There are 2 protein chains.
Amino acid sequence: MQKNKSEKYYKILDSAGAVFARHGFHKATISQIAAEAGVADGTIYLYFKNKDDILYQIISFKTDLVFNKMHQAVESGKNAEEKLRRLIHCHLEEFQGDQNMAVIFQSEVRYLREIQSQFKDISKMYLDLLSEIIEQGQIEGCMRQDLFVGLVKRFILGAVEGVISTWVSAEGRYDLVSMADPLVDLYMTGLKGE
Amino acid sequence: MQKNKSEKYYKILDSAGAVFARHGFHKATISQIAAEAGVADGTIYLYFKNKDDILYQIISFKTDLVFNKMHQAVESGKNAEEKLRRLIHCHLEEFQGDQNMAVIFQSEVRYLREIQSQFKDISKMYLDLLSEIIEQGQIEGCMRQDLFVGLVKRFILGAVEGVISTWVSAEGRYDLVSMADPLVDLYMTGLKGE
DNA sequence: GTAGACAATGAATTGTTATTCATTTTTGTG
DNA sequence: CACAAAAATGAATAACAATTCATTGTCTAC
């Protein structure tokens, strides 16, 4: 297996992403991935240990990428509400920019967690970011004191994921990012309004 | 294949539910299901067309069951907010009462949708229920006029699913139903508070 | 130009598991 | 108790797809 991440490594990673998104991890075959990448079946094994490893590499790579962006987004916000707004905006933007990743994250992370119990889990990191934002919001006074943070952060993540999931089902035919502000307004103000 | 749903049919359905929840649909084998049900491998095929069919039957059966309960729950509410509260309560109660179903719904519905494009999709039905509730809430005045219903219903479903997902990850070690009221309060009032 | 190293190939191997079906067991009936 | 019909069995089959590896191609340095 090659050590340094060559061009071909990324070509295969990208092709595998497309094939996994199209057929699902379990139904996808090595031959399909090889064909998509324009290499022979055997070549895959010069770059990856096995099929599971391909999934692991894809998700690790994308997780790092997205998580860095999210971190930056949150840091650039002045107050809690702005941090939240930028986080959600970034989340939607990144997923809209890579629909294959969106599908894979939605469908295959559970399986990956099973085969690789210790891997950088994006949900966990996301929830930690949210905890910080909420606690800051409570200090700043723009969020209620009586919030149960453990529930609230799940509530927020679940709702964004739900919105992404619908967008994926619609095969990305509308603009996802424009949902960010209405969504944050819902979080902040609720259905009832002031 | 037997026509009338005998005791053995349900025994196999139930065992398959347990095995699918434990190993995931694709990794689960017919032999495991047969062992769990205490029958021979071949017996499975007297009751089901193939492996896919087992998944389809499980999900259809549970969907009908849960959807009827949800309908009743909504009908018993006097106003929109109470309907919403009862729907969420029912949702959490049913999933808490059948953790295998919770896992399967979370992991395998996407695949099922692929192999059986026209099946009674619980999300769709759920979203329709929510639409009605929200519209009624707007008429009654307990919900804002300027809500984008398409987004709001996704927001609500996503958040409940997120809460269930966390509960499943924690292997059902806490009381899920008690999340219902705090969750609905979040929907209604938001993070900001009055 | 060629020797050796490195990379890629894809046909053959291997392991797995869904599905079948000839046989056996159980059940119900006169 | 026979007898036939129905139900169940599980070993054998068949299909499929991950992985290997002997062979072939490509590149680099001298």
Side-chain angles (χ1 to χ4, degrees), chain A residues 1-60 104 107-108 110-116, chain B residues 1-60 104 107-108 110-116:
Chain A
M1 206 171 4
Q2 252 93 340
K3 300 287 143 160
N4 56 336
K5 314 283 158 136
S6 68
E7 200 178 331
K8 197 158 280 187
Y9 169 87
Y10 287 108
K11 177 73 181 136
I12 294 172
L13 210 63
D14 193 56
S15 304
V19 174
F20 289 164
R22 196 156 53 241
H23 303 286
F25 174 75
H26 292 283
K27 280 288 161 79
T29 71
I30 296 292
S31 292
Q32 287 171 330
I33 297 169
E36 180 93 15
V39 300
D41 292 14
T43 305
I44 306 274
Y45 290 88
L46 301 175
Y47 295 90
F48 300 90
K49 224 173 33 250
N50 52 38
K51 195 182 166 191
D52 281 357
D53 187 44
I54 304 175
L55 182 63
Y56 174 72
Q57 299 281 342
I58 289 181
I59 295 190
S60 295
I104 293 172
S107 312
E108 318 295 356
R110 184 176 321 280
Y111 173 69
L112 184 59
R113 210 175 278 141
E114 227 166 63
I115 58 176
Q116 271 283 336
Chain B
M1 206 172 2
Q2 253 92 339
K3 300 286 142 158
N4 55 337
K5 313 283 158 131
S6 68
E7 197 178 331
K8 197 157 277 185
Y9 170 87
Y10 287 108
K11 177 73 182 139
I12 294 171
L13 211 62
D14 193 56
S15 304
V19 174
F20 288 164
R22 197 157 51 242
H23 304 286
F25 174 76
H26 292 283
K27 279 290 161 79
T29 71
I30 296 292
S31 293
Q32 287 170 329
I33 296 169
E36 179 94 15
V39 301
D41 292 15
T43 305
I44 305 276
Y45 291 87
L46 301 175
Y47 296 89
F48 299 89
K49 222 170 40 249
N50 51 38
K51 195 181 165 190
D52 282 357
D53 187 43
I54 305 176
L55 183 63
Y56 173 71
Q57 299 281 342
I58 290 181
I59 294 189
S60 295
I104 293 172
S107 313
E108 318 295 356
R110 184 176 320 281
Y111 173 68
L112 185 60
R113 208 175 279 139
E114 229 166 61
I115 58 176
Q116 271 285 335

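Since the model is a prediction, treat every value here as computed from it, not as a measurement.
- Ala28(B) comes within 4.0 angstrom of sugar-phosphate atoms only, judged by non-hydrogen atoms across all strands, and of no base.
- Side-chain nitrogen and oxygen atoms of Lys8(B) include at least one within less than 4.0 Å of the OP1 or OP2 phosphate oxygen of dA8(D).
- Atom pair Tyr47(A):OH and dT9(C):C1' shows a separation of 12 Å (rounding to whole Å applied).
- Between the C1' atom of dA18(D) and the CG atom of Asp53(A) lies a distance of 14 Å, rounded to the nearest Å.
- Counting only heavy atoms from C-beta on, Tyr45(B) has its side chain closest to dT19(C) among dT19(D), dA8(D), dT19(C).
- Here the nucleotide nearest the side chain of Ala40(A), chosen from dT9(C), dT19(D), dT9(D), is dT9(C).
- The CG-C1' distance, from Leu46(A) to dT24(D), rounds to 14 Å in whole Å.
- The CG-C1' distance, from Asp41(A) to dA17(D), rounds to 10 Å in whole Å.
- The interatomic distance linking His26(A) (NE2) with dA18(D) (P) rounds to 11 Å, in whole Å.
- When heavy atoms are screened at a 4.0 angstrom cut-off, Thr29(B) is found touching the sugar-phosphate backbone but no base atom.
- In this structure, CD1 of Ile33(A) is placed 17 Å from C1' of dA8(C), rounded to the nearest angstrom.
- With rounding to whole Å, Asn50(A) atom CG is found 16 Å from dG15(C) atom P.
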Tyr56(A) vs Lys49(A), side chain to side chain donor-acceptor pair (under 3.5 Å): CA-CA, chis, key distance, verdict: CA-CA 10 Å; Tyr56(A) 174 72; Lys49(A) 224 173 33 250; over 6 Å; no

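- The existence of a salt bridge linking Lys11(A) and Glu36(A) is excluded, since no basic side-chain nitrogen approaches an acidic carboxylate oxygen closer than 4.0 Å.
- Put simply, the side chain of Phe20(A) reaches to within 4.5 Å of the side chain of Ile33(A), judged on heavy atoms.
- Geometrically, Lys51(B) engages Phe25(B) in a cation-pi contact defined by less than 6.0 Å to the ring centre and at most 45° from the axis.
- When the C1' atom of dA18(C) is taken as reference, atom CZ of Phe48(B) falls 15 Å away, rounded to whole Å.
- Aromatic ring orientation, Phe48(B) versus Tyr9(B): parallel (interplanar angle below 30°, classes split at 30° and 60°).
- A sub-4.0 Å separation between OP1 or OP2 of dA17(D) and a side-chain N or O of Lys27(A) is absent.
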